[in-house]
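Letters A, B, ... mirror the listed sequences (proteins, then strands); counts begin at 1. Both backbone and side-chain heavy atoms feed into the values below; hydrogens, waters and symmetry mates do not.
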Amino acid sequence: MSRYCTLHLEGDALPFDLDRTLSCGQVFRWEKKGHWWCGVLGQKPVLIRQEGDLLHFSGAPEEDISRYFDLDLDLEEILAGFPDDPILLQAIDSAYGLRIVRQPAWECTASYIVATFANIPGIQTRLKLLCERFGERIGDGHTAFPSPEKLAASPLCDIRSCRVGYRDKYLCGTAAILSADHGWEERIAALPYRDARRELLRLPGVGKKVADCILLFAFHRFEAVPVDVWIDRIMRTHYLEEDTRYSYDRIADAARQIFGPNAGYAQEYLFAAREMIPDMRKK
DNA sequence: CAGGTC
DNA sequence: ACTGG
């Protein structure tokens, strides 16, 4: 491991909370060992820890760290731009400093395909198995995320052996399409939100929720609002009508209407605080 | 029962 | 439908 560097957090880089950012369930491959978070950035193992407004790290240049954690984003302004409602304010307070990281697009896509209808520990196990089975060794016992080419060329039974169940064919199918489609990231990035989502929806295993996760977490389209069971419940309980069923887009549109153009960020804070937000059953 | 999709 | 915390 290379030498350690320290980044002094100031200006737009504040607020920033590394623990909340890496443990909120947006990324699945970081592991905390003692004070240090261990993960992979690009193709390199990285160690990182926060001490107040100091960010200590090794294994990657400062520019990569700053870009990954989106430290040039004026998060304070985004949070200040949200409406003044008690539920969201409580969520912001409890997860203050959480930043949406810039996930590599393929890793994000593959992760959320295998994440459907599963819980977070299960997702972590699956991704670890996939990385060990198909990822390139990059030293220190770390592996890079498996390339789409590698997964596209692997038998379904090998993929399924990583406990992904029926999602094996989605993962393999999407890997095949994307590995043959050089430039897909640039194309998605250049499209307006609706068109970008329509494009992603053509991938097997990618529905509206997964597509919105990809757009929010990899492409930083903050108008993308992934609506999972938790967000559905929170929106119906506190912002819509509890006993009514709403379509996916109806809830996402309501979120954009209520929270504005950065509704995706509001979604992430509500998700992070999901356990603390009152459930309708408890009322 | 868990951050849905076909 | 898989799968396991």
Engineer: Given that both pair distances must be under 3.5 Å and the pair must be Watson-Crick or G-U, what runs of three or more consecutive pairs involve DNA chain C?
Structural biologist: none
Engineer: Between B:dC6 atom P and A:Leu171 atom CG, what is the distance in whole Å?
Structural biologist: 13 Å
Engineer: Could you state the NZ-C1' distance from A:Lys208 to B:dC6, rounded to the nearest angstrom?
Structural biologist: 14 Å
Engineer: Rounded to whole angstrom units, what separation is found between the OH atom of A:Tyr170 and the C1' atom of C:dA1?
Structural biologist: 8 Å
Engineer: Take A:Tyr248 and A:Asp232 through the side chain to side chain donor-acceptor pair (under 3.5 Å) test and state the conclusion after the steps.
Structural biologist: CA-CA 8 Å; A:Tyr248 183 99; A:Asp232 176 272; over 6 Å; no
Engineer: Please identify which of these residues, A:Asp17, A:Val27, A:Leu98, meets the side-chain contact (heavy atoms from CB on, under 4.5 Å) condition with A:Leu22.
Structural biologist: A:Val27
Engineer: Side-chain contact test, heavy atoms from C-beta onward, threshold under 4.5 Å: evaluate it for A:Arg197 versus A:Asp212 and give yes or no.
Structural biologist: yes
Engineer: Kindly indicate whether the side chain of A:Ile138, heavy atoms from C-beta on, has any atom under 4.5 Å from the side chain of A:Lys44.
Structural biologist: no
Engineer: Using a 4.0 Å heavy-atom cut-off across all strands, classify A:Val206 as base, sugar-phosphate, or nothing.
Structural biologist: sugar-phosphate
Engineer: In this structure, how many angstroms lie between the P atom of C:dA1 and the NZ atom of A:Lys169, rounded?
Structural biologist: 12 Å
Engineer: Can you measure A:Asp232 atom CG to B:dC1 atom P for me and round it to whole angstrom units?
Structural biologist: 16 Å
Engineer: So what does A:Gly205 touch, heavy atoms closer than 4.0 Å: a base, only the sugar-phosphate, or nothing?
Structural biologist: sugar-phosphate
Engineer: When the distance from CD of A:Gln124 to P of B:dG3 is rounded to whole Å, what number comes out?
Structural biologist: 11 Å
Engineer: Just say parallel, tilted or perpendicular for the rings of A:Phe259 and A:Phe82, cut-offs at 30° and 60°.
Structural biologist: perpendicular
Engineer: Has A:Gln267 got a side-chain atom pairing as donor or acceptor with A:Val225's backbone, closer than 3.5 angstrom?
Structural biologist: no
Engineer: Is it true that A:Trp36 and A:Tyr4 have ring centroids separated by less than 6.0 Å?
Structural biologist: yes
Engineer: B:dG3 P sits how many Å from A:Ile113 CD1, rounded?
Structural biologist: 18 Å
Engineer: Give the ring-plane orientation class for A:Phe222 versus A:Tyr265, where under 30° counts as parallel, over 60° as perpendicular and anything between as tilted.
Structural biologist: perpendicular
Engineer: Collect all protein-nucleotide pairs involving nucleotides 3-5 of chain C in which both atoms are nitrogen or oxygen and the distance is under 3.5 Å.
Structural biologist:
residue : atom : partner  : partner atom : Å
C:dG4   : OP1  : A:Arg163 : NE           : 2.9

Engineer: Measure across A:Asp168 and A:Arg160 and return the closest heavy-atom pair with its distance rounded to 0.1 Å.
Structural biologist: OD2-NE, 2.9 Å
Engineer: Once you apply a heavy-atom cut-off of 4.0 Å, does A:Cys162 come out as touching a base, just sugar-phosphate, or nothing?
Structural biologist: nothing
Engineer: Quick one: are A:Leu151 and A:Leu171 in side-chain contact, heavy atoms under 4.5 Å?
Structural biologist: yes
Engineer: Need one value for A:Phe271: base, sugar-phosphate or nothing, where a base atom within 4.0 Å counts as base even if backbone is also close, heavy atoms only.
Structural biologist: base
Engineer: In terms of the angle between their ring planes, are A:Trp30 and A:Phe69 parallel, tilted or perpendicular, with boundaries placed at 30° and 60°?
Structural biologist: tilted
Engineer: In whole angstroms, how far is the C1' atom of B:dG4 from the CG atom of A:Asp249?
Structural biologist: 14 Å
Engineer: Using a cut-off of strictly less than 4.0 Å between a heavy atom of the residue and any atom of DNA chain C, enumerate the qualifying residues of residues 143-151 of chain A by number.
Structural biologist: none
Engineer: 5'-most contact on DNA chain B: A:Leu203 or A:Glu268, nearest heavy atom basis?
Structural biologist: A:Glu268
Engineer: Any donor-acceptor pair under 3.5 Å between the side chain of A:Lys209 and the base of B:dG3?
Structural biologist: yes
Engineer: Can the ring centroids of A:Tyr239 and A:Tyr246 be said to lie less than 6.0 angstrom from one another?
Structural biologist: no
Engineer: Closest-nucleotide mapping onto DNA chain B: is A:Leu201 or A:Trp230 further toward the 5' terminus? I mean the 5' end.
Structural biologist: A:Trp230
